[in-house]
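Following: one structure in structure tokens, then a few remarks.
Any value given below was found using the heavy atoms of this structure, including those in side chains, with hydrogens, waters and symmetry copies removed. Both counts, for ligands and for their atoms, begin at 1 and track the order of listing.
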Amino acid sequence: MTGQRTGNRNVLVLGGGLAGVACARRLGDEGIGVTLVDRNDYHQFQPLLYQVATSQLPAEDIARPHRVIFRDHPTVETRTARVTELDLAGLGLTLSDGEKISGSHLVIAAGAQPEYFGVPGAAEHAFPLYSVADAVRLRLHVQDLVREVAEKRLGEDALDIVVVGGGPTGVEITGALTELMTALVAMERIPTSGRIFLIDRGSRLLGAFSHRSHQYAHKRLTEHGAEPRLDTGVAAVHADRVELGDGTAIRTRTVIWGGGESAAPVVQAAAGLGTGRGGRVDVLPDLTVDGHPDVYAIGDAANIPAGHHGTLPQLGSVAQQSGDRAAGNILRRRAGQPAKPFHYKDKGIMAMIGRNAAVAEVGKHRHQVDGPLAFAAWLGVHAMLLSGVHSKVDAFMSWAWDYFERDHAAIVEWSTKPHRIVWGDDDADVPHISLGRGDSTTSAGRS
Ligand SMILES: Cc1cc2nc3c(=O)[nH]c(=O)nc-3n(C[C@H](O)[C@H](O)[C@H](O)COP(=O)(O)OP(=O)(O)OC[C@H]3O[C@@H](n4cnc5c(N)ncnc54)[C@H](O)[C@@H]3O)c2cc1C
């Protein structure tokens, strides 16, 4: 196949995350031919990654094979391959085996990668939390440490953890880890909880939220034993410690990186793509790339204009809605109509700080709510996101209420098989998760 170009009239979609799936689904609904290419044969639902990392959910529950998602869409072909190059002029992609494919349109939905901002040692020693494989690696690492401490082969300080980044990812994983430690101590699995530090160079947690939410997050986390260290950055990460910008150091075997993200490498390396902040593609209001009316960039891979307010944030609902709009514009242009600008329907911003502790800011004036009401908002938005990839959203809802109200963290941490959501799937619907690092994973489905 090396170097050979396979042309067809399908729309080519690079990436089967929330953005790519929404785009392919809408086109498939209209009977349009689509080839969706992803390096994994499954979609990964990132908003539930920290539940996998803290043993609340098994990895299979948040990964869904693309062929299962599209089994009722016969015009959507899914291919598992790593894309190495984009060809904007030729509307094509080069795959890692050298094969070149092209289509009628190219939709770039390749998402993001962790951004370490050049911090020495971070890429080598920190645990990112961006993929299912990342979440499983972190879970196995923490489980090993818990076991070693429980069996007294390591001292209690081996469980000290540093979380980098006080945004939603950092806050959510910190909240879940403090609860896990508390539960393990209560069950006498470990003598004392590890210390959990949350580092941010800014002066507050959840920076994009309101002052009230900053205070709420800070209070809830410190009540549960977390130790926020604000106004200081991370200078270097080593296997056994983190150096901070204020000259101090924290001894730790576990650094979790929630410090930022930038566009996927294949996007940043593409010739002729106008990339801006975060290496993302600067798109026009109709989501096309300037000078390339048949090339779209959506979701986390794109800087999408937000009217007079800069660009939209990297959120699941932005990804899903932009995927739907890109498909809508492809359909309109095929019908000889002009493309429409993308208008984001704001679903609010929210974070789960722990069981029974969530914060949400919703509505035009960003009304702040916390506690069960915020959890209900979180649940509504996440059920909507999940409905794009799963038909059994009610099973997720009942798991989530149980999760919110009950504390079984330590039980699941100790068992190697966390309880599954009752999806009612057959075995063939369960993906095989490869734990390969970086973007070179090609995994085969179980069927
Ligand atoms: C830990 C975490 C928690 C989050 N929580 C929330 C939340 O609570 N609410 C919310 O709204 N948003 C949340 N987000 C953000 C949200 O998940 C993302 O904005 C959204 O998933 C982006 O979708 P996407 O399709 O653009 O990218 P992705 O979901 O990243 O999909 C990109 C796809 O492209 C594929 N790909 C990349 N490069 C290649 C290549 N070279 N070859 C082949 N395939 C490739 C990848 O395998 C992947 O499947 C969270 C994100 C993270 C990381």
Side-chain angles (χ1 to χ4, degrees), residues 12-24 36-53 62-64 66 69 78-86 93-96 107-115 127-135 138 165 167-173 176 256-261 263-270 280-281 297-302 304 312-323 326 346-352 358 360 377-379 381-382 384-386 388-389 434 436 438-443:
L12 283 189
V13 178
L14 162 56
L18 284 170
V21 165
C23 181
L36 181 142
V37 186
D38 199 297
R39 63 187 168 212
N40 297 316
D41 71 346
Y42 53 84
H43 165 90
Q44 23 200 351
F45 191 68
Q46 292 172 339
L48 297 179
L49 282 177
Y50 77 88
Q51 280 90 346
V52 172
I62 67 162
R64 188 126 177 101
H66 289 118
I69 295 173
T78 60
R79 290 196 60 173
T80 307
R82 185 166 65 88
V83 170
T84 54
E85 243 176 85
L86 311 183
L93 301 172
T94 304
L95 311 184
S96 58
V107 181
I108 303 165
Q113 62 176 341
E115 173 60 61
F127 287 85
L129 197 55
Y130 201 78
S131 66
V132 174
D134 292 339
L138 177 58
T169 298
V171 164
E172 290 184 334
I173 188 75
I256 301 172
W257 195 266
E261 60 181 51
V266 71
V267 171
Q268 301 204 45
R280 292 180 284 269
V281 186
I298 53 179
D300 278 8
I304 302 177
L312 293 169
Q314 282 62 60
L315 282 178
S317 39
V318 174
Q320 205 170 50
Q321 291 178 34
S322 62
D346 192 349
K347 303 290 173 196
I349 47 177
M350 44 206 75
M352 277 266 276
W378 181 94
L379 193 53
V381 168
H382 286 73
M384 190 197 61
L385 293 176
L386 203 61
V389 287
S434 162
D439 72 339
S440 60
T441 311
T442 301
S443 80

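Every atom of ligand 1 with a heavy atom of Q314 under 4.0 Å away is listed here by number and element: 15 (C), 19 (O). Ligand-side atoms of ligand 1 in range of V266: 41 (N), range being under 4.0 angstrom from any heavy atom. Ligand 1 places these atoms under 4.0 Å from at least one heavy atom of L14: 42 (N), 43 (C), 44 (N). Atoms of ligand 1 lying under 4.0 Å from any heavy atom of T169, numbered from 1 in the order shown and given with element: 1 (C), 2 (C).
In this structure E115 satisfies the side-chain contact (heavy atoms from CB on, under 4.5 Å) test together with F117, S262, sequence neighbours excluded. Judged as a salt bridge (charged side-chain N to carboxylate O under 4.0 Å, His left out), and not counting sequence neighbours, R280 has no contacts.
Closest heavy-atom approach to atom 20 (C) of ligand 1 within the set R82, K347, Q46, R280: this belongs to Q46. Considering V83, I173, V52 only, the shortest heavy-atom separation from atom 42 (N) of ligand 1 involves V83. When the heavy-atom distances from atom 4 (C) of ligand 1 to S317, P47, A297 are ranked, the shortest goes to P47.
Not a single N or O atom of G299, backbone or side chain, sits closer than 3.5 Å to an N or O atom of ligand 1. Ligand 1 has an N or O atom lying under 3.5 Å from an N or O atom of H382, backbone or side chain. Remark: ligand 1 and L129 share no N or O pair separated by less than 3.5 Å (distance only, no angle test). Here's the thing with D38: one of its N/O atoms is less than 3.5 angstrom from an N/O atom of ligand 1. Ligand 1 has an N or O atom lying under 3.5 Å from an N or O atom of L18, backbone or side chain. In terms of polar-atom proximity, defined here as any N/O pair under 3.5 Å, Y42 makes no such contact with ligand 1.
Side chain of Q314 to main chain of D300: no donor-acceptor pair is present (N/O by atom type, distance under 3.5 Å, no hydrogens or angles). The main-chain N or O of V389 is never found under 3.5 Å from a side-chain atom of H43 such that the two would form a donor-acceptor pair. Judged by distance alone, with hydrogens and angles left aside, the side-chain atoms of Q320 form no donor-acceptor pair with the main-chain N or O of L18 at under 3.5 Å. Side chain of T84 to backbone of T94: a donor-acceptor contact under 3.5 angstrom is found. In this structure a side-chain-to-backbone donor-acceptor pair under 3.5 Å is present from Q46 to Y130.
Residues V281 and V267 are in side-chain contact: their nearest non-hydrogen atoms beyond the backbone lie under 4.5 Å apart. Side chains of T80 and N40 form no contact here, defined as non-hydrogen atoms less than 4.5 Å apart. Between L93 and V266 there is no side-chain heavy-atom pair separated by less than 4.5 Å.
Contacts between D300 and ligand 1, counted as non-hydrogen atom pairs separated by less than 4.0 Å, involve both the backbone and the side chain. Under 4.0 Å from ligand 1, not a single heavy atom of V381 appears. With a 4.0 Å heavy-atom cut-off, ligand 1 is reached by the backbone of A81 but not by any atom from C-beta on. Looking at A109 against ligand 1, only its backbone comes within 4.0 Å, counting heavy atoms. Contact annotation for N40 and ligand 1: only side-chain heavy atoms (C-beta onward) come within less than 4.0 Å of the ligand. With a 4.0 Å cut-off on non-hydrogen atoms, L315 touches ligand 1 through its backbone as well as its side chain. With a 4.0 Å cut-off on non-hydrogen atoms, A19 touches ligand 1 through its backbone as well as its side chain.
When every heavy atom of A53 is checked against every heavy atom of L129, the shortest pair comes out as CB-CD1, 4.1 Å. Here the shortest heavy-atom pairing between C23 and I298 reads CB-CD1, 4.2 Å.
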